[in-house]
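Atoms within a ligand are numbered from 1 in the order they appear, just like the ligands themselves. By convention here, the first residue in the shown sequence is residue 1.
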Amino acid sequence: MPANLFSEIEYLKGVGKARGEKYRKLGITSPYELIYHIPRAYLDFRCHVPVQQAVLNDYNVLKLTIFRKLPPQRVKGGLVICKAAATDGIDDILVVVYNNVYGFNALKEGGTYYMYGKVTGNFLRKEITSPVYIGAEEKVLIQPVYPLTQGLSVNMVRQNIKQAVGIMKSEPFETLPAELLRRYDLCTLMYALENIHFPESSEAAETARRRLAFDELLKLQLGMSMMKTRSRRSTAYKMDSRISVDEFRQGLPFELTEAQDRAIGEIISDLCRNVPMNRLLQGDVGSGKTAVAAAACYFCVKNGMQAALMAPTEILASQHYKTLSEFLEPFGIEVCLLTGSLTAKKKTALREKISSGEAQVIVGTHAIIQKDVQYKSLGLVITDEQHRFGVAQRAALAEKGGSPHKLVMSATPIPRTLALIIYGDLDISAINQLPKGRKPVKTYAVTGKLRHRAFGFVRDRLDEGRQAYVVCPVIEESETDLQDVKTYAENAAEGDLKGYSLALLHGKMKAAEKDKVMKQFRDGEIQVLICTTVVEVGVDVPNAAVMVIENAERFGLSQLHQLRGRVGRGEFESSCILITDNTGEECRRRMKIMSSTTDGFKISEEDLKMRGPGDFFGSAQHGLPPLKIADIACNMELMSMAQECARELLENDPQLSRPQNRALKMDTLRLFNKEIIG
Ligand code: ADP
Ligand code: MG
């Protein structure tokens, strides 16, 4: 039987067991997957230089004629070294090939080749090592460069791909209808897959890349949207729109902003439908997301159901517990806190209260969605600081009994195009307004020379009755790092902050210790909290009005914004002092942005520009499938087209079950690893 695209990779000529294994290491098991092994760059053999002009210790393209091949040398360890003498017509050079007798044999004495490789040596004697080469008679002088693994040479990969492309052309396929190709000015898939590997010109390579990038972004968008529709099965927790939250609103110590009101309205209208809510509540730090969440819990409980709020850390969970208790207990609502650090006995008692329905609002860490926690009637699940939970976790939550409504809260504002990808499976409510009377945090960037003066400023605020954070970067939460923070705190206690009450807070402390410190800080017993980034997320102490960030260069923009969001949460004028001795361009730019704006959207956009989306989200966190071709930040326009295209395709065929969409669906499933979309 001749090999087809989905045969085992070993069916290809020249691919035996050993090479097959190497391909498998790269995740390639079939000719089809090999065709999707996309070059990371192209070599242009047109720009060759004379040996005389080759840049030493660097990669060069040379045009060489082999005039003598030397017998292979075997050295210790089984290594085989092959050498050949070559010339460009004026100067000689030695071609050296390690451990690739097969490749070396293909070079003919008297043959002329374009070679690309590292050139070493000196003025008199030069070598080119393990070059990539093509015959001088080749018409196509642009050659792909592939991500490789040890023992797999470019020439091998190229030959195998050539064969795979041949098979592909004998059974051509296409995933998009001709109409769409025309509309978005895209080439056919067959043209793209051939020209991404064997382009006739750089334009052809670019055309091919554009089509493949579009495909990838389209699949990404389709997959996310399909997850959204999948979770739209019916819910057992349809609520009653006649129930009012007015009483709750009147009980609050402040008036809700219009934006908060609107978000509450959107959420309640979702809760009253018979499909589960799947909503993202986005709002800059300090915009008051917790009050909105509390309103949703109130509504849920008044409907006779339970609500759960999940936070990424114990500190945050206990803070939410405190806030929700204050807001809800006056109405006779039973709020409880469930975290991993409770004693077994307390946990058992709590679990009983949860399964009997006595506990109405359950706040906690991951512990609250574990299998051993049985709810009587869980109607709403809220997760805070969404970017810490990934797509897969969201999908897992959807499986909880009876399909509860879901609300996720995020303080990382991101541009809309990106939000549509990352949260493509969610509807979005945005709180685009801060509570009245908030004064923007004044931000200053200074060098270490001004540290004493900066702390003079901090002491003045403390003397006025305010509190302060001092943030020290910790890279790994390792012993030495923590020692640094401890030493820092000791020095501060003897120096700049002598006579004030200080405490240390870091991630390696036991949960109970952390809680104790946070409680003391909240109650004003501690004036200065010397901390690591554990305060980054969500901590709310309105009396804290000044923050010092040491080694500010070690933090990214979004992280600095999150940190700074811990101050300026009350009525007091607040300040943030960034200390750095780094004078690098990038650091200076970051400090400038931080001192000139407090708008989270602007900051995240700048962050995205400076770092690119991969770093920005950290792929493990957002849980998106990795992209091979498209770069989301550089392909914004293509992204918008793909989004439009996905919307249209799904409108006409929500599950992509029509025959003409089947190939696209298969591809999408492949990208998402199947199990996410059902
Ligand atoms: P975040 O959106 O960052 O989670 P929080 O929910 O922690 O913000 O709210 C920040 C602070 O603002 C809290 O102290 C909260 O009580 C207060 N707050 C929330 N909404 C309002 C409002 N409408 N008016 C005044 N203060 C508010
Ligand atoms: Mg919050």
Side-chain angles (χ1 to χ4, degrees), residues 245 248-265 267 279-298 309-328 330 363-365 382-389 407-414 428-441 466-467 469 518 521-524 533-545 547 558-574 576 598-601 603-604:
V245 291
F248 167 82
R249 200 179 266 125
Q250 279 145 24
L252 287 172
F254 44 73
E255 205 175 312
L256 290 171
T257 62
E258 266 171 53
Q260 282 171 315
D261 254 332
R262 191 177 347 107
I264 293 173
I267 290 165
R279 185 168 285 278
L280 171 72
L281 177 62
Q282 211 182 47
D284 210 342
V285 280
S287 60
K289 294 183 287 294
T290 319
V292 173
C297 292
Y298 175 91
L309 193 158
M310 180 163 78
T313 65
E314 299 221 352
I315 294 186
L316 264 187
S318 67
Q319 178 184 295
H320 280 317
Y321 168 67
K322 185 170 175 284
T323 315
L324 291 191
S325 303
E326 273 167 23
F327 286 167
L328 299 173
V363 182
T365 50
I382 304 174
T383 51
D384 189 18
E385 308 303 347
Q386 146 63 30
H387 63 287
R388 305 254 160 148
F389 302 103
L407 179 69
V408 286
M409 305 198 283
S410 165
T412 314
I414 50 172
I428 300 178
S429 288
I431 309 184
N432 53 2
Q433 177 184 30
L434 292 181
K436 265 202 280 299
R438 282 287 163 75
K439 301 177 189 83
V441 180
R466 302 288 78 75
Q467 289 164 282
Y469 297 100
M518 267 326 289
F521 188 62
R522 214 152 39 207
D523 295 345
T533 51
V534 290
V535 296
E536 177 194 345
V537 172
V539 172
D540 183 38
V541 180
N543 189 48
M547 173 176 277
S558 291
Q559 204 177 14
L560 286 172
H561 180 63
Q562 275 291 331
L563 284 168
R564 180 172 62 181
R566 299 312 109 215
V567 295
R569 302 174 77 84
E571 65 208 272
F572 309 106
E573 174 126 325
S574 301
C576 175
T598 52
D599 178 339
F601 268 94
I603 288 172
S604 72

Per-atom contacts, ligand 1 versus V285 - under 4.0 Å to a heavy atom = 3 (O)
Charged N to carboxylate O below 4.0 Å: is that the case for E326 and K322?
-> yes
Polar proximity ligand 1 side, A291 side, N/O cut 3.5 Å exclusive | no
Grab the two heavy atoms, one from L324 and one from C297, that are nearest each other, plus how far apart they are.
-> CD1-SG, 4.5 Å
Of the listed options (Q260, E258, M409, R569), which comes nearest to atom 20 (N) of ligand 1 when hydrogens are ignored and any heavy atom counts?
-> Q260
Say whether G283 and ligand 1 are in contact under the criterion: heavy-atom distance to a ligand atom below 4.0 Å.
-> no
Residues D261, R249: salt bridge by 4.0 Å N-O rule | yes
Number the atoms of ligand 1 from 1 as they appear, then name those within less than 4.0 Å of a heavy atom of S287, with their elements.
-> 2 (O), 8 (O)
Please could you name the atoms of ligand 1 that T290 approaches to less than 4.0 Å, counting only its heavy atoms?
-> 4 (O), 5 (P), 6 (O), 7 (O)
Worked verdict on K289 versus I431 for side-chain contact (heavy atoms from CB on, under 4.5 Å) | CA-CA 8 Å; K289 294 183 287 294; I431 309 184; 4.0 Å; yes
Ring centres of F521 and Y469 under 6.0 Å apart?
-> yes
Which of the listed options, Q282, Q433, E255, holds the heavy atom that is closest to atom 23 (N) of ligand 1?
-> E255
Within the side chain of R569, is there an N or O that forms a donor-acceptor pair under 3.5 Å with the backbone of N543?
-> no
Does F327, backbone or side chain, put an N or O under 3.5 Å from an N or O of ligand 1?
-> no
Where ligand 1 meets T257 - atom numbers and elements under 4.0 angstrom, heavy-atom basis | 23 (N)
Measuring from the heavy atoms of R438, does anything fall under 4.0 Å of ligand 1?
-> yes
Can you name the closest pair of heavy atoms from P330 and S325 and give their distance?
-> CD-O, 3.8 Å
Where on L256 is there a heavy atom closer than 4.0 Å to ligand 1, on the side chain, on the backbone, on both, or on neither?
-> backbone
Would you tell me whether R262 and S429 have side-chain atoms, one donor and one acceptor, within less than 3.5 Å of each other?
-> no
